[in-house]
Peer 1: 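To start, I am sharing the structure in question, which I have written as structure tokens.
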Amino acid sequence: MAALNELIVAVRGGGDLATGVIQKFFHAGFKVVILETAQPLAIRRTVALCNAVYTQTFQVEDLVAEKVADWTQCEQSWQHGQIPLLIDPEAESLAQLRPAVVVDAILAKKNLGTTPEMAPVTIALGPGFSAPSDCQVVIETMRGHSLGKLITAGSALPNTGIPGVLGGKSAERVIHSPASGVVKHRYPIGTEVTKGEILFYVGQTPVYSPLTGVLRGLIQAGIDIPQGLKCGDVDPRPKAQVDCYAISDKARALGGAALEAALMQLQRVASDVLI
């Protein structure tokens, strides 16, 4: 029988929550590959492996993602202890990679094409999926008592559109683009900012800080974004309480849940994949 370190796990998405999922599978010894878009829109970029799309390699904690040209280069990345990242939003490389597990961690609040036929084990995070029609296991992503719950029949709770509370603030801490245009930064993530200060520009339009706090999330510079897109996040807590470089508690919880789901389902299909 094959060892776990011979099995491939393909994770659709490399944002901050997906990075928590990737870390758990990486630590468990699986060969992990990230499937991303050509222009990721993550704002918590300092803890999102998808940033390798822009920088070729990117490190979050003990993980190093490496952008590769195609699926044939994945093995070399794995041998070097890195996590290959493919520009493959349609997951076309799955036919060659033949993963044992596919995890949809895009968090798009809708299904962007994941099906149970993609792998012997398919898992999806958050609303927009129903088990078993879209995948074998849906993982609850809403904070609260059910965070990380494994759902094998049914769907996750619907998206409320309300961000989680940090320092007593929720929706007011999140920044949406006031215009369309190319993003130009003024400050890096982690900077202490004050309410009303210009944080960055979208085209010629200044974007102001909604709160005094720490610039916790900021979309990639140099990309063209539409009006209304989520593009920044200010954490109102004191800087000593804000870690912009560590995977979040929520991401770790979801990663643990995804790993648990995969191991449970792999036992069910062991005769098909562990040969």
Peer 1: Evaluate the side chain to side chain contact (heavy atoms under 4.5 Å, CB included) criterion for residues Ile223 and Leu41: first the C-alpha distance (whole Å), next the side-chain angles of each, then the deciding distance (0.1 Å), finally the verdict.
Peer 2: CA-CA 9 Å; Ile223 64 172; Leu41 299 175; 3.8 Å; yes
Peer 1: Taking Ile139 as the fixed residue, which of Ile151, Leu125, Leu147 is the one that meets the side chain to side chain contact (heavy atoms under 4.5 Å, CB included) rule?
Peer 2: Leu125
Peer 1: Nearest heavy-atom pair of Thr19 and Gly14: which atoms, and what distance?
Peer 2: OG1-O, 3.5 Å
Peer 1: Do other residues, nucleotides or ligands put more than 12 heavy atoms under 6.0 Å from Lys250 NZ?
Peer 2: yes
Peer 1: Flag the pair Pro127 / Met142 as yes when at least one side-chain heavy-atom distance between them is below 4.5 Å, and no otherwise.
Peer 2: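 Result no, sub-4.5 Å side-chain heavy-atom pair not found.
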Peer 1: State whether Asp249 and Arg143 are salt-bridged, where the test is any N-O pair (Lys NZ or Arg NE/NH1/NH2 against Asp/Glu carboxylate O) under 4.0 Å.
Peer 2: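 Looking at Arg143 together with Asp249, the answer is yes, because their closest N to O distance falls below 4.0 Å.
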Peer 1: Hydrophobic cluster membership, with links at side-chain heavy-atom distances under 4.5 Å among I/L/V/M/F/W/Y: are Ile123 and Leu266 in one?
Peer 2: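 Same cluster.
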Peer 1: Can you see which heavy atom on Cys231 is nearest to which on Ser177, and at what distance?
Peer 2: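 Distance-wise, the nearest heavy atoms are SG-N, 3.5 Å.
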Peer 1: Evaluate side chain to side chain contact (heavy atoms under 4.5 Å, CB included) for Trp78 paired with Ile83, printing each intermediate quantity in order.
Peer 2: CA-CA 6 Å; Trp78 291 324; Ile83 301 165; 5.7 Å; no
Peer 1: For the residue pair Gln136 and Arg268, establish whether any side-chain heavy-atom pair is separated by less than 4.5 Å.
Peer 2: yes
Peer 1: Measure the shortest side-chain to side-chain distance between Pro210 and Ile175 over non-hydrogen atoms and say whether it is less than 4.5 angstrom.
Peer 2: yes
Peer 1: Quick one: are Pro84 and Ile34 in side-chain contact, heavy atoms under 4.5 Å?
Peer 2: no
Peer 1: Between Tyr245 and Glu61, is there a side-chain donor-acceptor contact under 3.5 Å, judged purely by atom types and distance?
Peer 2: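 No - no donor-acceptor pair under 3.5 Å links their side chains.
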Peer 1: Would you indicate whether the side-chain heavy atoms of Thr122 and Thr115 approach each other to under 4.5 Å?
Peer 2: no
Peer 1: What are the two closest non-hydrogen atoms of Tyr54 and Pro40, and how far apart are they?
Peer 2: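 Looking at all heavy atoms of both residues, the shortest contact is OH-O, 2.7 Å.
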Peer 1: Yes or no on salt bridge (Lys or Arg N to Asp or Glu O under 4.0 Å) for Lys195 and Glu172, after CA distance, side-chain angles and deciding distance?
Peer 2: CA-CA 11 Å; Lys195 183 177 181 179; Glu172 58 267 55; over 6 Å; no
Peer 1: May I have the step-by-step check of side-chain hydrogen bond (donor to acceptor under 3.5 Å, both in side chains) for Asp70 and Gln96, ending in yes or no?
Peer 2: CA-CA 10 Å; Asp70 58 54; Gln96 291 79 30; over 6 Å; no
Peer 1: Applying the 4.5 Å side-chain criterion to the ILVMFWY set and letting contacts propagate, would Val53 and Val68 be lumped into a single cluster?
Peer 2: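 Different clusters: Val53 never reaches Val68 through Ile, Leu, Val, Met, Phe, Trp or Tyr contacts under 4.5 Å.
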Peer 1: Is there a path of hydrophobic side-chain contacts, each under 4.5 Å between heavy atoms of I/L/V/M/F/W/Y residues, joining Leu112 to Leu94?
Peer 2: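 Cluster IDs for Leu94 and Leu112 differ.
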Peer 1: Answer whether the closest heavy-atom distance between the side chains of Ile247 and Gln23 falls below 4.5 Å.
Peer 2: yes
Peer 1: Write down the atom of Ala52, the atom of Phe58, and the distance for their closest heavy-atom approach.
Peer 2: N-CB, 3.7 Å
Peer 1: Would you check, one step at a time, whether the test side chain to side chain contact (heavy atoms under 4.5 Å, CB included) holds for Val121 with Val269?
Peer 2: CA-CA 8 Å; Val121 175; Val269 298; 3.8 Å; yes
Peer 1: Are any of the side-chain nitrogens in Glu36 or Arg12 under 4.0 Å away from the carboxylate oxygens of its partner?
Peer 2: no
Peer 1: Is any NZ, NE, NH1 or NH2 atom of the basic residue among Asp233 and Arg173 found under 4.0 Å from an Asp or Glu carboxylate oxygen of the other?
Peer 2: yes
Peer 1: Look at the side chain of Ser248 and the backbone N and O of Ala251, then say whether any donor-acceptor pair between them is shorter than 3.5 Å.
Peer 2: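 Yes, because the side chain of Ser248 sits within donor-acceptor range (under 3.5 Å) of the backbone of Ala251.
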Peer 1: Roughly how far, to the nearest 0.5 Å, is NE2 of His185 from OG1 of Thr191?
Peer 2: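 Reported to 0.5 Å precision, the distance equals 10.5 Å.
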Peer 1: Keeping the roles fixed (side chain from Gln267, backbone from Met264), state whether a donor-acceptor pair exists under 3.5 Å.
Peer 2: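 Between the backbone of Met264 and the side chain of Gln267 there is no qualifying donor-acceptor contact (under 3.5 Å).
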Peer 1: Among side-chain atoms of Glu66 and Thr57, is any donor-acceptor pair under 3.5 angstrom?
Peer 2: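 Checked: Glu66/Thr57 side chains show no N/O donor-acceptor pair below 3.5 Å.
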Peer 1: Give, for atom CZ of Arg98 and atom CE of Met118, the distance between the pair rounded to the nearest 0.5 Å.
Peer 2: 16.0 Å
Peer 1: Tell me, do Leu63 and Phe26 make a side-chain contact under 4.5 Å, heavy atoms counted?
Peer 2: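 Yes, close enough: below the 4.5 Å cut-off.
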Peer 1: I'd like to know if the side chain of Ser155 reaches the main chain of Phe129, judged simply by a donor and an acceptor atom lying under 3.5 Å from each other, with no hydrogens or angles considered.
Peer 2: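 Flag set: sc Ser155 to bb Phe129 pair under 3.5 Å.
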Peer 1: Working to the nearest 0.5 Å, report the span between SG of Cys74 and CG of Leu86.
Peer 2: 4.5 Å
Peer 1: Give a yes or no on whether the backbone of Glu75 and the side-chain of Lys31 come within a donor-acceptor separation of less than 3.5 Å.
Peer 2: no
Peer 1: Measure across Thr114 and Asp104 and return the closest heavy-atom pair with its distance rounded to 0.1 Å.
Peer 2: OG1-OD2, 2.6 Å
Peer 1: Measure the SG-CG distance between Cys135 and Asn111 for me, rounded to the nearest 0.5 Å.
Peer 2: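 The CG atom of Asn111 is 8.0 Å from SG of Cys135, to the nearest 0.5 Å.
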Peer 1: Distance check, rounded to the nearest 0.5 Å: Glu140 atom CD versus Leu254 atom CG?
Peer 2: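 If I round to the nearest 0.5 Å, the distance is 9.0 Å.
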Peer 1: Should Leu229 and Leu215 be counted in the same cluster of Ile, Leu, Val, Met, Phe, Trp and Tyr side chains packed under 4.5 Å apart?
Peer 2: yes
Peer 1: So, does Gln265 use its side chain to make a donor-acceptor pair with the main chain of Ala261 at under 3.5 Å?
Peer 2: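 No, the answer is negative, given that no donor and acceptor are paired below the 3.5 Å cut-off.
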Peer 1: Would you find a donor on one side and an acceptor on the other, under 3.5 Å apart, between the side chain of Ser180 and the backbone of Gln227?
Peer 2: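 No.
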Peer 1: Hey, mind stepping through Asn51 and Gln220 against side chain to side chain contact (heavy atoms under 4.5 Å, CB included) and telling me if it holds?
Peer 2: CA-CA 8 Å; Asn51 212 43; Gln220 175 70 25; 3.5 Å; yes
Peer 1: Measuring from Arg216:CZ to Ile43:CD1, what's the distance to the nearest 0.5 Å?
Peer 2: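 Taking CZ in Arg216 and CD1 in Ile43, the distance rounds to 8.0 Å.
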Peer 1: Check whether any side-chain heavy atom of Ile225 lies under 4.5 Å from a side-chain heavy atom of Val183, and answer yes or no.
Peer 2: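 Contact flag for Ile225/Val183 side chains = yes.
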Peer 1: With a 4.5 Å cut-off on side-chain heavy-atom distances among I, L, V, M, F, W and Y, is there a chain of contacts connecting Val137 to Phe30?
Peer 2: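 Shared cluster, yes.
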Peer 1: Looking only at heavy atoms, which two atoms of Val11 and Ala18 are closest? And how far apart?
Peer 2: CG1-CB, 4.5 Å
